[in-house]
A.B. asks: 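My structure is below; once you've seen it, I'll send some questions.
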Amino acid sequence: MGHVRAPAYLRGRIGTIERPLGAFPDPERLAYGQPAPARALYCVRFTMAELWGDSAESPSDTVDAELYDTWLERLD
Amino acid sequence: MPHDHHDHDHLSPSDHPYRSDDDVPLTYWQQMEIALRELLIEKGVTTPEEIARQIDAMDARSPANGAALVARAWTDPAFKERLLQDASAASRDMGFDIGPLRLIAVENTAQVHNVIVCTLCSCYPRNLLGLPPDWYKSRAYRSRTVKEPRKVLFEFGLTLPDETTVRVHDSTADMRYIVLPARPKGTDGWDRDRLAELVTRDSMVGTGLPSTPA
């Protein structure tokens, strides 16, 4: 899997951008000493209902995480 | 009698089991660290004194730094606004050496309670809070806080009303987070030093609240 900064529990889930965080050298390349172009990083908010479905402890509580644009896909 | 030890062969004088010595070989990475450090010293890149000073500086960081920040935000509305806008800049304003740290302060209110975790490793705002507690790095805290934060907080002694929204912040990349807890009631007119004494480490991680005035 390598050095991945997008936790498995968030993959494939729908969230909303809470705020842009700026651009940082891509840690997934930096970790291997490869050239690491700056990538846009976002704070993305997910509801517990979206992450855990019926087993959510309290559906409207949230998790905010930092995700690079390579891991994000726009929904229209 | 509590201190009558005749038949406690395996207990220390304080009635605790003896901890075994760590007579194990160095790991690969421990050997690599020693080799690299010795090479850097031998080549004159750094000195043992410089390394010792850096360790001292790291050990000297404590939650008192974060507490001073919080107490100022409680008493200075303009500073609080700056802290919530750009916590790195606000920390530098207070004279804290935070290096390249990108800090975000999240505010607890009557409606929202924030709690910090790093599910992937153990990211922690060390410059403002010192070394993280062991539980912060445990698999249980890291995995459970994003799934059942209310249960985790309950185990820390914190029960939140159902109406309060819990916001978990997973430090997955380049940011570090500090919680700005709500100012305790009954502290009107207190100065910053006195307020700072109420600000606990856990209240800045979100696993606790500030102490209440006695």
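Letters A, B, ... mirror the listed sequences (proteins, then strands); counts begin at 1. Everything numeric here is computed off the predicted structure, so don't read it as measured data.
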A.B. asks: For atom CG of B:D97, decide whether the heavy atoms of other residues, nucleotides or ligands shown that lie under 6.0 angstrom number more than 12.
C.D. replies: no
A.B. asks: When you check the side-chain N and O atoms of B:S138 and B:R142, is any donor under 3.5 Å from an acceptor?
C.D. replies: no
A.B. asks: In terms of heavy-atom proximity below 4.5 Å to chain B, should A:L41 be classed as side chain, backbone, both, or neither?
C.D. replies: side chain
A.B. asks: Taking atom CD of B:Q85 as the centre, report whether more than 12 heavy atoms of other residues, nucleotides or ligands fall under 6.0 Å from it.
C.D. replies: no
A.B. asks: Going by residue number, which parts of residues 42-49 of chain A are within reach of chain B, meaning a heavy-atom gap below 4.5 Å?
C.D. replies: A:R45, A:M48
A.B. asks: Any pair with a residue in residues 71-85 of chain B that passes salt bridge (Lys or Arg N to Asp or Glu O under 4.0 Å), sequence neighbours left out, goes on the list, sorted by first then second residue, please.
C.D. replies: B:R72-B:D76, B:K80-B:E107, B:R82-B:D93
A.B. asks: Nearest 0.5 angstrom please: B:D21 CG to B:D23 CG, how far?
C.D. replies: 5.0 Å
A.B. asks: Under a 3.5 Å threshold, yes or no: a donor from one side chain and an acceptor from the other, between A:E66 and B:Y177?
C.D. replies: yes
A.B. asks: Can you name the residues that form a side-chain contact (heavy atoms from CB on, under 4.5 Å) with B:D202, not counting sequence neighbours?
C.D. replies: B:W135, B:F156, B:T200, B:T207
A.B. asks: Is any residue of residues 51-58 of chain A within less than 4.5 Å of chain B by heavy atoms, and which ones?
C.D. replies: A:W52, A:S55, A:E57, A:S58
A.B. asks: Could you check whether B:E155 pairs with B:K151 (Lys NZ or Arg NE/NH1/NH2 to Asp/Glu carboxylate O, under 4.0 Å)?
C.D. replies: no
A.B. asks: Could you verify whether a donor N or O on one side chain and an acceptor N or O on the other, from B:D174 and A:Y68, lie under 3.5 Å apart?
C.D. replies: yes
A.B. asks: Quick one: do the A:E28 and A:W71 side chains pair a donor with an acceptor below 3.5 Å?
C.D. replies: yes
A.B. asks: If you count heavy-atom pairs under 4.5 Å between each of B:N114, B:T164, B:D162, B:T119 and chain A, which one has the most?
C.D. replies: B:T119
